[in-house]
Amino acid sequence: MKIEEKDYIQTTRDENNVVVFDKGRKFGHTSAVGMQHKGAAYIDGEKRFVKLDDINPAVRKDWLDPFNYQYSSVSDAIVSCLVRNTEHDPLFESVDYAFEHFDNNGSLSTGTASKNFLKEREVEHILAIGRGTSSDVLVDIDTYKDILDTPGNGRLDKLVSVYESDHMPKEHAKHFLVQQAGFDLLTGNHDRIGNPSNFVLAFNTDTKTARPVNLDYGRCLQIDWTPTTEKVFEFDSEFLEEDIQNAASDILSTIGFDGLFRSVDELKGNGFQPFNIDKDGLHEDLDALAKQVDASDIPCKKFAKVKIEAFKVALESDQVKDLWNDTSVSLELEDFDLDEQNVL
């Protein structure tokens, strides 16, 4: 999706920290695909790509899940806390989504804002889409289905070949795809293999080279939640710890559901490198997100706070322990060069 200067809507923030779109403009980008209503805006003076938790007006459907699907911004924001606290890998670039509350012509919506991942002279290429073909799609949907039906590592090899066809070095393509598969296992992503439009590359029209980008985390971290749960859930309940553990189990139960690999052993066999994560920094960002949610007036407040806490618990599970390393700095007395004579 190409975004031009004219596509950006001006915004302000009101006293409740709600981002208010200019009422003289209609929000939304005509070429945006997918269920969510998407567009571009200036937020706090910066250009941002916006995804609202509203149905795309061009899509005649409704949300299959009134919380995990409808409020996908919650998962986008939680997983972005993980992204921000993971050691940078230049061969595995990921988009960072900020949680926001929006006022679109009087209609309040949750959603996210992010920097445009495309650099100057880059256009978006996607692996495949379920309808038609275009110059920005690498393979048709039937070819993609053939790739999915390939057993063992043959599927990875074929995907690497497709990325190579878009002028990407083979080793970069393999490293990215393997790391992305690990990322999807760690976050319980439901929306990768089954949705080839979420395999995205930024193609430079000058150099004729491409780089892959990891994005769209809205179907990660799914938990069992209903409108009734949102209404009756109590954080001062004696069963709170059990409820959080159950939500963490929901997340862990779907690991490998829609990934390139279904186990950590398969990943390791293809050169996966565990993510180096600053757990202390991650928890700080997750707590800040929880406070932002708590201070807002959104219809998914309890859902969001439970999912945040459940993610903390899920990360400590033996099921994912080999996917990441904790790089938090713990300062002990022996870490300091002190004269023992002066220590009381």
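A quick note: this is a predicted structure, and the numbers were derived from the prediction, not measured. For the single chain, residues carry numbers from 1 onward in sequence order.
- Lys307 and Asn68 form a side-chain donor-acceptor contact under 3.5 Å, judged by distance and modelled atom types alone.
- Judged as a salt bridge (Lys or Arg N to Asp or Glu O under 4.0 Å), the pairs with a partner in residues 85-112 (not counting sequence neighbours) are, in order, Arg13-Glu100, Arg84-Asp96, Glu93-Arg211.
- Val18 and Tyr42 are assigned to two separate hydrophobic clusters, defined by single-linkage of ILVMFWY side chains at heavy-atom distances under 4.5 Å.
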Side chain to side chain contact (heavy atoms under 4.5 Å, CB included) between Phe176 and Asn214, worked out: CA-CA 9 Å; Phe176 178 88; Asn214 182 43; 4.0 Å; yes

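- Scanning all heavy atoms of the two residues, the minimum distance from Met168 to Pro212 falls at CE-CD, 3.3 Å.
- Looking at heavy atoms from C-beta onward, Val293 lies in side-chain contact with Lys305 at the 4.5 angstrom threshold.
- Residue pairs meeting the salt bridge (Lys or Arg N to Asp or Glu O under 4.0 Å) criterion with at least one member in residues 319-329, sequence neighbours excluded, are Lys268-Asp322.
- The minimum heavy-atom distance between Val79 and Cys220, with the atom names listed, is CG2-CB, 4.0 Å.
- No donor-acceptor contact under 3.5 angstrom links the side chains of His125 and Asp136, judged on distance only.
- Between Ile193 and Phe199, some side-chain heavy-atom pair lies under the 4.5 Å cut-off.
- Residues Tyr163 and His172 are not in side-chain contact: their nearest non-hydrogen atoms beyond the backbone lie 4.5 Å or more apart.
- Shortest non-hydrogen contact noted between Lys174 and Leu156 is CE-CD2, 4.2 Å.
- Cluster membership check: Tyr97 shares its hydrophobic cluster with Leu118, using side-chain heavy-atom separations under 4.5 Å among Ile, Leu, Val, Met, Phe, Trp and Tyr.
- At least one donor-acceptor pair closer than 3.5 Å links the side chain of Thr187 to the backbone N or O of Phe183.
- Side-chain N or O atoms of Ser94 include none that pairs as donor or acceptor with a backbone N or O of Val83 at under 3.5 Å.
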Quiz: residues 232-247 side-chain donor-acceptor pairs under 3.5 angstrom, not counting sequence neighbours:
{"unit_1": "Ser237", "atom_1": "OG", "unit_2": "Phe239", "atom_2": "N", "d": "3.0"}
{"unit_1": "Asn246", "atom_1": "ND2", "unit_2": "Glu242", "atom_2": "O", "d": "3.4"}

So Arg192 and Asn189, side chain to side chain contact (heavy atoms under 4.5 Å, CB included) or not? Walk me through it. CA-CA 7 Å; Arg192 189 77 67 191; Asn189 194 0; 3.4 Å; yes

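- At a threshold of 4.5 Å between side-chain heavy atoms, the hydrophobic network of Ile, Leu, Val, Met, Phe, Trp and Tyr places Leu252 and Tyr217 in one connected group.
- The hydrophobic cluster containing Ile9, built from Ile/Leu/Val/Met/Phe/Trp/Tyr side-chain heavy atoms closer than 4.5 Å, also comprises Val19, Phe21, Phe27, Ile43, Val50, Leu52, Phe102.
- The two residues Ser296 and Lys301 come nearest to each other via the heavy atoms O-NZ, 2.7 Å.
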Would you sort out whether Phe272 and Phe261 count as a ring-ring contact (aromatic ring centres under 6.0 Å, His included), showing the intermediate values? CA-CA 11 Å; Phe272 172 74; Phe261 301 107; 9.4 Å; no

Using the side chain to side chain contact (heavy atoms under 4.5 Å, CB included) rule, take Asp157 and Val160 through it: C-alpha gap first, then chi angles, then the decisive distance, then the call. CA-CA 5 Å; Asp157 294 339; Val160 169; 5.6 Å; no

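- The OG1 atom of Thr110 sits 10.5 Å away from the CG atom of Asp76 when rounded to the nearest 0.5 Å.
- If you take CG on Leu267 and CG on Leu260, they are separated by 8.0 Å, rounding to the nearest 0.5 Å.
- In this structure, Val123 shares a hydrophobic cluster with Phe203, the cluster being traced through Ile, Leu, Val, Met, Phe, Trp and Tyr side chains under 4.5 angstrom apart.
- Side-chain contact between His175 and Gln273: present, with at least one pair of heavy atoms (C-beta onward) separated by less than 4.5 Å.
- Atom NZ of Lys291 has 12 or fewer neighbouring heavy atoms from other residues, nucleotides or ligands inside a 6.0 Å radius.
- In this structure, Val162 and Ile147 have side chains that are in contact, with non-hydrogen atoms separated by less than 4.5 Å.
- Ring orientation note: the planes of Phe67 and Phe303 are tilted relative to one another, at an angle of 30° to 60°.
- Here Leu127 contributes atom CG and Leu138 contributes atom CG; the two are 6.0 Å apart, rounded to the nearest 0.5 Å.
- Between Ala248 and Ala310 the shortest heavy-atom distance is CB-O, 3.5 Å.
- By the 4.5 Å heavy-atom criterion applied to side chains, Asn325 and Ile277 are not counted as neighbours.
- To the nearest 0.5 Å, atoms SG (Cys81) and CD1 (Ile308) are separated by 7.0 Å.
- Looking only at side-chain heavy atoms (C-beta outward), Glu316 and Lys279 come within less than 4.5 Å of each other.
- Counting only residues at least two apart or in different chains, salt bridge (Lys or Arg N to Asp or Glu O under 4.0 Å) contacts with residues 215-230 comprise Lys51-Asp216.
- At most 12 heavy atoms of other shown residues, nucleotides or ligands fall within 6.0 angstrom of atom CG in Asp297.
- Put simply, Leu315 and Val313 are part of the same group of oily side chains (I, L, V, M, F, W, Y) that touch within less than 4.5 Å, one to the next.
- Looking only at atom types and distance, the side chain of Ser109 has no donor-acceptor partner in the side chain of Asp53 under 3.5 Å away.
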From CA spacing to verdict: side chain to side chain contact (heavy atoms under 4.5 Å, CB included), Asn276, Trp324: CA-CA 6 Å; Asn276 292 324; Trp324 66 286; over 6 Å; no

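- No hydrogens or angles considered: a donor-acceptor pair under 3.5 Å links the side chains of Lys158 and Thr150.
- Note: Asp191 CG to Asn198 CG = 4.5 Å, rounded to the nearest 0.5 Å.
- Thr112 places no side-chain N or O within donor-acceptor distance of the main-chain N or O of Ala98, the cut-off being under 3.5 Å.
- Thr229 and Thr226 share a donor-acceptor pair across their side chains, judged by distance under 3.5 Å alone.
- Side-chain contact check for Val306 versus Trp225: some heavy-atom pair is nearer than 4.5 Å.
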Verify side-chain hydrogen bond (donor to acceptor under 3.5 Å, both in side chains) between Asp278 and Ser328, making sure each step is shown before the conclusion. CA-CA 5 Å; Asp278 177 359; Ser328 302; 3.1 Å; yes

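- Between Phe117 and Phe49, the ring centre distance reaches or exceeds 6.0 Å.
- At a cut-off of 3.5 Å, with distance as the only test, no side-chain donor of Glu122 or Asn204 sits close to an acceptor on the other residue.
- Across every non-hydrogen atom of Ala128 and Val137, the tightest pair is CA-CG1, 3.6 Å.
- Hydrophobic cluster membership differs between Val200 and Leu91, with clusters built from Ile, Leu, Val, Met, Phe, Trp and Tyr side chains linked at under 4.5 angstrom.
- Between the CG atom in Leu186 and the CG atom in Leu82 there is a gap of 5.5 Å [rounded to 0.5 Å].
- Counting only N and O atoms by type, the side chains of Asn105 and Arg25 include no donor and acceptor under 3.5 Å apart.
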Is there a side-chain hydrogen bond (donor to acceptor under 3.5 Å, both in side chains) between Ser72 and Gln36 once you walk through the steps? CA-CA 9 Å; Ser72 60; Gln36 280 183 289; 3.2 Å; yes

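- The closest side-chain donor-acceptor pair between Asn104 and Ser107, if any, does not fall under 3.5 angstrom.
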